[in-house]
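Reviewing the structure listed below.
Keep in mind it's a predicted model, so treat the numbers as computed, not measured.
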Amino acid sequence: PVEVVTRGALWRYRDGGAEPPVDWNRVGFDADAWPEGPALFGREEGGEATVLAPGTGARWFRRTFVVAEADAVTDLRLDLIADDGAVAYLNGAEVVRDNVATGPITATTLAATYRTGAAERAVRSFTVARSALVDGVNVLAVRLLQASGSPDASFDASLTATGATVDTVPPSLPTALTSPAVTASTADLVWAAATDDVAVDHYDVFVGGTLAAAVGTSQAADGGLARAHGGGLSPATTYS
């Protein structure tokens, strides 16, 4: 078994608000504008790595991962923490409902029941159909739902693939890094795309040695410079 998505991983997320576009749970969706943070996500329960904003509506999470040979995978297991309920998707196909009634999922869908106490952080395991897996980049997406009026939340997930081939060949180094637009507080970055024998999942952008952004294309607007320095930059200073 190989954990292709690990507990405590970084996820792109939408913290409430309007329903995202219909393709939010598919590989081709551009989620670079969504904030990114580590699990455990939550609110009002303690110990969260990423604290969610107040609200009782839905939240959306997505995480990409690479599988070298999808046909080699014999079993998939999703381990899920969801307070109060969740719908999980693999490459846009619904694969798990946890404490959510059957029927269409809409912007007003709620979890079926309240979870309290130990049940709010309990890990529940589900067998996932592997038919939705593809060679290369895949996306696991989860819609977290609250019961009516419930203000607290918790979310984390891992996905384990039995028979998955571990990709041991690294991608080529990105090259030709340039900054086509620079302001007093930002620096846009563009570079030549890397290549890989399976697929390039994403690029990590570091500012001063600290991870500032993870992007799916070979460019980064702002490059995370202002964000990494709390929006405050000093004049006549070199930043890397």
Side-chain angles (χ1 to χ4, degrees), residues 5 9-45 48-65 78 80-115 120 126 128 132 137-157 159 186 188 201-202 205 212-217 219-224 226-227 230-231:
V5 176
L10 291 171
W11 292 73
R12 294 282 185 183
Y13 65 99
R14 184 181 178 100
D15 195 0
E19 186 82 6
V22 294
D23 61 343
W24 72 275
N25 52 14
R26 299 170 191 163
V27 172
F29 178 73
D30 182 3
D32 286 353
W34 290 19
E36 184 177 50
L40 183 98
F41 293 87
R43 180 165 187 82
E44 297 187 11
E45 293 177 7
E48 295 90 355
T50 300
V51 177
L52 296 171
T56 59
R59 282 119 171 166
W60 300 266
F61 303 85
R62 50 176 285 134
R63 166 78 190 190
T64 57
F65 62 95
L78 176 67
L80 183 63
I81 295 174
D83 178 25
D84 292 295
V87 182
Y89 307 85
L90 183 58
N91 295 327
E94 182 183 323
V95 292
V96 165
R97 286 198 184 199
D98 175 28
N99 195 30
V100 178
T102 58
I105 300 296
T106 70
T108 60
T109 299
L110 299 172
T113 61
Y114 292 92
R115 282 177 171 161
E120 295 175 322
F126 303 89
V128 175
V137 178
N138 294 258
V139 61
L140 174 66
V142 179
R143 179 193 298 259
L144 185 69
L145 298 170
Q146 303 302 108
S148 178
S150 176
D152 58 355
S154 283
F155 167 73
D156 197 357
L159 186 65
T186 66
D188 290 355
D201 180 54
H202 69 276
V205 179
V215 297
T217 60
Q219 60 185 358
D222 175 11
R227 183 168 60 255

Just verifying a value: how many Å separate [X] [atom1] and [Y] [atom2], rounded to the nearest 0.5 Å?
X      : Y      : atom1 : atom2 : result
Trp34  : Trp24  : CH2   : CH2   : 6.0 Å
Ser150 : Leu110 : OG    : CG    : 10.0 Å
Leu145 : Asp98  : CG    : CG    : 10.0 Å

(request) If a pair satisfies side chain to side chain donor-acceptor pair (under 3.5 Å) and one of its residues is in residues 49-63, list it, with sequence neighbours excluded. (result)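 Counting only pairs at least two positions apart or across chains, the side chain to side chain donor-acceptor pair (under 3.5 Å) contacts touching residues 49-63 are Asp15-Arg59.
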For the student: nearest non-hydrogen atoms of [X] and [Y], plus distance:
X      : Y      : result
Thr106 : Thr109 : N-OG1, 2.8 Å
Leu10  : Pro38  : CD2-N, 3.6 Å
Ala153 : Gln146 : CB-OE1, 3.8 Å
Asp32  : Asp30  : N-OD1, 3.1 Å
Glu94  : Arg97  : OE2-NE, 2.6 Å
Asn25  : Ala141 : CB-CB, 3.5 Å

Quick one: does any side-chain atom of [X] pair with a main-chain N or O of [Y] as donor and acceptor, under 3.5 Å?
X      : Y      : value
Asn99  : Thr113 : yes
Arg12  : Thr64  : no
Asp84  : Ala147 : yes
Asp156 : Ala39  : no
Arg43  : Leu52  : yes

(request) Could you tell me whether Glu19 and Arg143 make a salt bridge, using a distance below 4.0 angstrom between a side-chain N and a carboxylate O? (result) yes
(message) Could you work out, with salt bridge (Lys or Arg N to Asp or Glu O under 4.0 Å) as the rule, every residue matching Asp152, not counting sequence neighbours?
(response) none
(message) Within the 4.5 Å heavy-atom criterion, are Val5 and Trp11 side-chain neighbours or not?
(response)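 Yes, their side chains come closer than 4.5 Å.
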(message) Just so I know, are the side chains of Leu140 and Leu78 near enough to count as touching, which here means a heavy-atom distance under 4.5 Å?
(response) yes
(request) Quick one: sort the Phe155 and Phe41 rings into parallel, tilted or perpendicular, breaks at 30° and 60°. (result)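 Aromatic pair Phe155/Phe41 classed tilted.
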